[in-house]
A.B. asks: 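I'd like to ask some things about the structure below.
This is a predicted model, so every value here is computed, not measured. Only this structure's heavy atoms are used, side chains among them; waters, hydrogens and symmetry mates stay out. Proteins come first, then strands; the chains are lettered A, B, ... in the order of their sequence lines, and each starts at number 1.
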Amino acid sequence: MSADDATADPGADAAADSSGEGGAAETNPYTLQRGDGEGGADDHHVFWADAVADRVETRIERRIESGERDPDDPIVIKGGISPSGVPHLGNVNELMRGYFVAAVLRERGHEVRQVFTADDRDPLRKLPRTLADLDGNLVDLGEVNAGALGRNLGHPYTDIPDPFGCCDSYGDHFATIIAQSADAMDIPIDLLSNTALYEDGTFEAVTRYLLEHRDRAREVLSDYQDSVDADGDYVPFNPICANCGKLTETVTSVDVDSEARSASNSRAGSEATRETTTAATVDYECTDLEAGEQTIEGCGHEGTATLREGKLPWRFEWPAQWEALDVDFEPFGKDHAEGSWPSGEDIARTVLENEPPVPMVYEWFTLDGEPFSSSEGNVALVSEVLELIEPEVLRYFFAKDPSKARDFSIERLDQLVDEFDRFERIYFGEIDASEDEKRFAERVYPLVVSEPDPDRIRLSYTFAAVLGMTEEPSIREEIARTEGHIPDDAPEWAVDAALDRVEHAQAWARRTGNEFDYELKRAAIPAHDFDDATGAALDDLADFVADGGDDPEELQGEIYETAKRHDVPVGDFFAAGYRLFFDDEQGPKLGQFLAKLDRDFVVDRLRRER
RNA sequence: GGGCCGGUAGCUCAGUCCGGCAGAGCGUCUGGCUUUUAACCAGACGGUCGCGUGUUCAAAUCGCGCCCGGCCCGCCA
């Protein structure tokens with residue numbers, strides 16, 4: 001990883017890169033995009049998670065061989081976010097990318113534990129403009145007690161009261177939403193509270209170690225952060241002020257019993273060698289905290305804190321989590337790739353003398369072409385999205401190449417669903433596809449859908465949206481059947497499951513207000529203004545229906561005939577029908593639809609009587 | 001300014017690791033389903049593969065230079 005290598009001759013470089021001994025290839029978070037050059041053609045996987053799993057296996061095999069790892073220990077995959085506000089769809093990367101790697105490793109016979117940290121000891125730095133309640137409703141800051149929140153700037157999330165009053169704390173509230181999201185997508189995770197890990201002592205040994213070796217810690221970090229002076233007095237610990245409850249950065253002295261650990265060069269079993277007997281403490285002064293534009297004022301209190309009463313700065317906290325939780329793999333967003341990953345890797349190796357996990361960068365995606373932003377209102381909660389599409393469709397989205405920036409388009413969700421449906425049909429061999437598509441579908445589909453069943457039925461998403469025009473389940477089913485979307489011999493469970501999509505698609509049509517957003521106006525007749533010929537034609541059609549015309553095909557044909565008889569352009573006549581029944585210019589295939597409604601209503605409406 | 005990732009049809013994306021005729025779906029257009037709309041069937045249209053250059057018999061693919069977008073190099077995650 002040394003930059004000095006750049007001047008070496010190219011041949012030597014190539015040899016070094018492919019040596020595969022825990023060097024560059026494995027810890028480069030971008031290796032997915034490059035291939036790791038280890039085995040040529042055989043190494044190429046159609047699914048990125050297989051390539052990652054290879055690297056995780058290489059890591060654990062090497063560590064078992066060198067005695068640094070117990071073969072019976074489960075593989076640990078971690079993700080984590082700060083519960084600072086609405087956890088949006090982008091945060092699902094942290095869950096799903098890890099999940100796919102976990103699933104592949106389980107398939108290969110490994111025991112895998114997927115942990116997820118709520119980094120909830122982080123301080124609230126600014127007030128989010130938008131919050132969310134536990135039912136998935138977005139709530140404006142003005143609707144909660146913003147003043148109470150404002151007084152808690154600088155406090156750890158877990159020390160701030162829940163603005164909704166339903167959870168133990170602000171942090172707990174948003175961590176609960178994360179847990180709900182994971183559950184809704186059927187991702188089994190161990191959700192860990194960072195605060196709890198500090199309080200129960202999980203981080204104590206590594207924190208103490210970092211304080212004992214704060215000279216080295218400072219020196220390493222200074223390579224990455226200009227604000228840290230290698231010879232200065234930076235201390236990698238932020239105590240919580242006992243007086244005002246804010247996190248503070250000013251540590252005035254450190255008291256650790258350095259005799260408690262002697263064998264710092266023994267790398268085996270980090271926790272084992274980092275047992276402590278005497279409580280370590282730091283003295284601090286509660287000074288101002290710079291948070292972006294604004295300053296959070298300190299109270300000036302001078303006090304003493306134990307190592308459980310504060311937190312490590314992020315650049316150290318991350319590698320500390322790897323060590324304390326024995327993390328083998330962690331995906332992270334591209335914002336970390338050139339910042340905290342290189343420093344974290346260096347801190348793990350140079351300061352903690354521990355091997356960092358296998359890394360993987362994922363690209364961010366946008367929502368309808370714009371970056372996620374809770375302040376701009378451009379957010380989508382997982383629960384919201386799952387009202388529009390099935391979980392498997394969302395899981396499919398995250399099975400795609402993580403290195404590509406993508407747009408999650410709610411406007412064009414039908415495209416994503418169509419793509420998923422095609423993916424599914426390719427898996428079941430129902431349609432022809434390229435070899436690449438087949439290989440991808442065969443590999444990935446079973447990881448996306450928990451119980452593949454060739455008898456399942458998928459209504460096309462846009463057709464399902466069309467069926468959303470009526471709330472009547474029997475009409476939905478009949479139309480789907482007569483239009484040939486449901487086979488006669490379909491089992492009942494498959495029919496029910498297929499029709500469930502109507503609820504999703506209907507919610508989508510309503511949310512976007514697109515061309516599929518129409519509903520039968522049963523209660524009252526929409527405003528209308530027809531010329532005499534159209535009126536007469538409608539009366540004529542009403543008579544046809546009143547006389548028993550309820551065959552879908554015949555009725556559809558009769559609409560054309562009636563229009564012709566009265567010299568009304570066919571398009572205009574259909575438009576009249578859509579106006580009367582949907583208050584719209586367009587709608588579903590009218591004959592088939594009217595044939596399903598109760599006759600008296602149709603006749604009266606055609607006569608403009610109700 | 002330096003580093004990193006991305007850029008392929010109107011849209012969403014495969015293909016780039018390993019060079020071999022530029023692909024799919026959707027959309028659009030035309031026709032069909034004995035009479036526009038969703039679906040279905042057939043066909044058509046649609047591309048300087050960001051730009052340039054080098055290597056090669058051959059480059060979307062490999063090298064170099066550049067352009068555009070994003071991220072990092074302050075804080076925070």
A.B. asks: Kindly point out which of rG74(B), rA77(B), rG7(B) is positioned nearest to the side chain of Ser82(A)?
C.D. replies: rA77(B)
A.B. asks: Does any part of the side chain of Asn194(A), heavy atoms only, come nearer than 4.5 Å to the side chain of Phe203(A), both counted from C-beta?
C.D. replies: yes
A.B. asks: Expressed as a whole number of Å, how far does the P atom of rC26(B) sit from that of rA44(B)?
C.D. replies: 15 Å
A.B. asks: Quick one: is Ser84(A) getting a side-chain N or O under 4.0 Å of the rC76(B) phosphate, OP1 or OP2?
C.D. replies: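 False: Ser84(A) side-chain N/O out of range (4.0 Å or more) of rC76(B) OP1/OP2.
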A.B. asks: Find the partner of rC4(B): check Watson-Crick (N1-N3 plus N6-O4 or O6-N4) and G-U wobble (N1-O2, O6-N3) distances, both under 3.5 Å, and reply none if neither fits.
C.D. replies: rG70(B)
A.B. asks: Nearest-nucleotide wise, let me know which of Phe463(A) and Lys334(A) is further upstream toward the 5' end of RNA chain B.
C.D. replies: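 Nearer the 5' end of the strand: Phe463(A).
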A.B. asks: Is there a Watson-Crick or G-U wobble partner for rA14(B) with both distances under 3.5 Å, and which nucleotide is it?
C.D. replies: none
A.B. asks: If you measure from the P atom in rC68(B) to the same atom in rA59(B), how many Å do you get, rounded?
C.D. replies: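 My reading of the P atoms in rC68(B) and rA59(B) gives 28 Å.
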A.B. asks: What's the closest nucleotide to the side chain of Asp418(A) if the choices are rA77(B), rC76(B), rC26(B)?
C.D. replies: rC26(B)
A.B. asks: Can you check the distance between rU16(B) and rG6(B), where both ends of the measurement are the C1' atom (answer in whole Å)?
C.D. replies: 13 Å
A.B. asks: From the list rA77(B), rU35(B), rG74(B), which nucleotide is the closest neighbour of the side chain of Glu561(A)?
C.D. replies: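 Closest nucleotide among those given: rU35(B).
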A.B. asks: By nearest atom, which of the nucleotides rU12(B), rA77(B), rU35(B) is closest to the Lys564(A) side chain?
C.D. replies: rU35(B)
A.B. asks: Using heavy atoms to find the nearest nucleotide of RNA chain B for Tyr560(A) and Arg412(A) separately, return the residue whose nucleotide is more 5′.
C.D. replies: Arg412(A)
A.B. asks: Lys404(A) side chain N/O closer than 4.0 Å to the phosphate oxygens (OP1, OP2) of rG7(B)?
C.D. replies: yes
A.B. asks: Below 30° counts as parallel, above 60° as perpendicular, anything between as tilted: where do the rings of His88(A) and Phe372(A) land?
C.D. replies: parallel
A.B. asks: Whom does rC62(B) pair with, Watson-Crick or G-U wobble, provided both distances fall under 3.5 Å?
C.D. replies: rG54(B)
A.B. asks: Answer with base, sugar-phosphate or nothing: what part of the nucleic acid does Gly339(A) contact at a heavy-atom distance below 4.0 Å?
C.D. replies: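 Sugar-phosphate contact only.
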A.B. asks: Taking pairing as Watson-Crick or G-U wobble with both contacts under 3.5 Å, can you name the mate of rA77(B), or confirm there isn't one?
C.D. replies: none
A.B. asks: Scan Tyr224(A) against the nucleic acid and name what it touches under 4.0 Å (heavy atoms): base, sugar-phosphate only, or nothing.
C.D. replies: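 Sugar-phosphate, backbone atoms only, no base.
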A.B. asks: Would you say a side-chain N or O of Gln225(A) is under 4.0 Å from OP1 or OP2 of rC75(B)?
C.D. replies: yes
A.B. asks: From the options rC13(B), rC26(B), rG15(B), select the nucleotide whose nearest atom is closest to the side chain of Arg406(A).
C.D. replies: rC13(B)
A.B. asks: Of all the nucleotides listed (rC75(B), rC71(B), rC11(B)), which has the minimum atom distance to the side chain of Gln415(A)?
C.D. replies: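 So the nucleotide nearest the side chain must be rC11(B).
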A.B. asks: Consider only side-chain N and O atoms of Tyr396(A) and Glu424(A), and report whether a donor and an acceptor are under 3.5 Å apart.
C.D. replies: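 No, because no side-chain N or O of Tyr396(A) sits under 3.5 Å from a partner of the opposite role on Glu424(A).
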A.B. asks: Strictly below 4.0 Å: does Lys311(A) bring a side-chain N or O up to OP1 or OP2 of rA77(B)?
C.D. replies: yes
A.B. asks: Considering only heavy atoms and no angle criterion, is a donor-acceptor pair shorter than 3.5 Å present between the side chain of Gln556(A) and the base of rU35(B)?
C.D. replies: no
A.B. asks: Taking any strand in view, what nucleotide pairs with rG46(B) in a Watson-Crick or G-U wobble way, both distances under 3.5 Å?
C.D. replies: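 By the stated definition (distances under 3.5 Å), nothing pairs with rG46(B).
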A.B. asks: Sticking with atom C1', work out how far rG54(B) lies from rG15(B), rounded to a whole angstrom.
C.D. replies: 24 Å
A.B. asks: Looking at rG31(B), which nucleotide sits across from it as a Watson-Crick or G-U wobble partner, both distances under 3.5 angstrom, or is there none?
C.D. replies: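 rC41(B) is the nucleotide pairing with rG31(B).
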A.B. asks: In whole Å, measure the gap between the P atoms of rU53(B) and rC17(B) for me.
C.D. replies: 22 Å
A.B. asks: Checking side-chain polar atoms at under 3.5 Å, does Asp540(A) have a donor or acceptor matched by the opposite partner on Thr562(A)?
C.D. replies: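 Judged by distance alone, the side chains do not pair up.
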A.B. asks: With respect to the side chain of Asp119(A), which nucleotide from rA77(B), rU35(B), rG74(B) is positioned closest?
C.D. replies: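 Within the option list, the nearest is rA77(B).
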A.B. asks: For Glu519(A) and Gln506(A), test the side chains for any donor-to-acceptor distance below 3.5 angstrom and give the result as yes or no.
C.D. replies: no
A.B. asks: Which base, if any, makes a Watson-Crick or G-U wobble pair with rG19(B), both distances under 3.5 Å?
C.D. replies: none
A.B. asks: Can you tell me which nucleotide in rC5(B), rA14(B), rG25(B) comes closest to the side chain of Arg422(A)?
C.D. replies: rG25(B)
A.B. asks: In whole Å, I'd like the distance from the CD atom of Glu363(A) to the C1' atom of rC5(B).
C.D. replies: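 The distance from CD of Glu363(A) to C1' of rC5(B) comes to 5 Å, rounded to the nearest Å.
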A.B. asks: At 4.0 Å (heavy atoms only), tell me whether Asp335(A) reaches a base, stays on the sugar-phosphate, or touches nothing.
C.D. replies: base
A.B. asks: Can you tell me which nucleotide in rC73(B), rA14(B), rG74(B) comes closest to the side chain of Arg315(A)?
C.D. replies: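 Of the options given, the side chain of Arg315(A) lies nearest rC73(B).
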A.B. asks: Picking from Phe332(A), Tyr224(A), Trp314(A), what satisfies ring pair (Phe, Tyr, Trp, His ring centres under 6.0 Å) with Trp341(A)?
C.D. replies: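 Testing each of Phe332(A), Tyr224(A), Trp314(A) against Trp341(A), the sole residue satisfying ring pair (Phe, Tyr, Trp, His ring centres under 6.0 Å) is Phe332(A).
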A.B. asks: Base, sugar-phosphate, or nothing for Trp318(A), non-hydrogen atoms under 4.0 angstrom?
C.D. replies: nothing
A.B. asks: Counting only Watson-Crick pairs (N1-N3 plus N6-O4 or O6-N4) and G-U wobbles (N1-O2, O6-N3), all under 3.5 Å, who is the partner of rA9(B)?
C.D. replies: none
A.B. asks: May I ask you to check whether Thr195(A) and Asp120(A) show a side-chain donor-acceptor distance below 3.5 Å?
C.D. replies: yes
A.B. asks: What I want to check is whether the side chains of Ser403(A) and Asp401(A) have a donor and an acceptor closer together than 3.5 Å.
C.D. replies: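 Per modelled atom types, Ser403(A) and Asp401(A) side chains form a pair under 3.5 Å.
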A.B. asks: Nearest to the side chain of Val570(A), which nucleotide is it out of rA14(B), rU36(B), rA77(B)?
C.D. replies: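 For the Val570(A) side chain, the nearest candidate turns out to be rU36(B).
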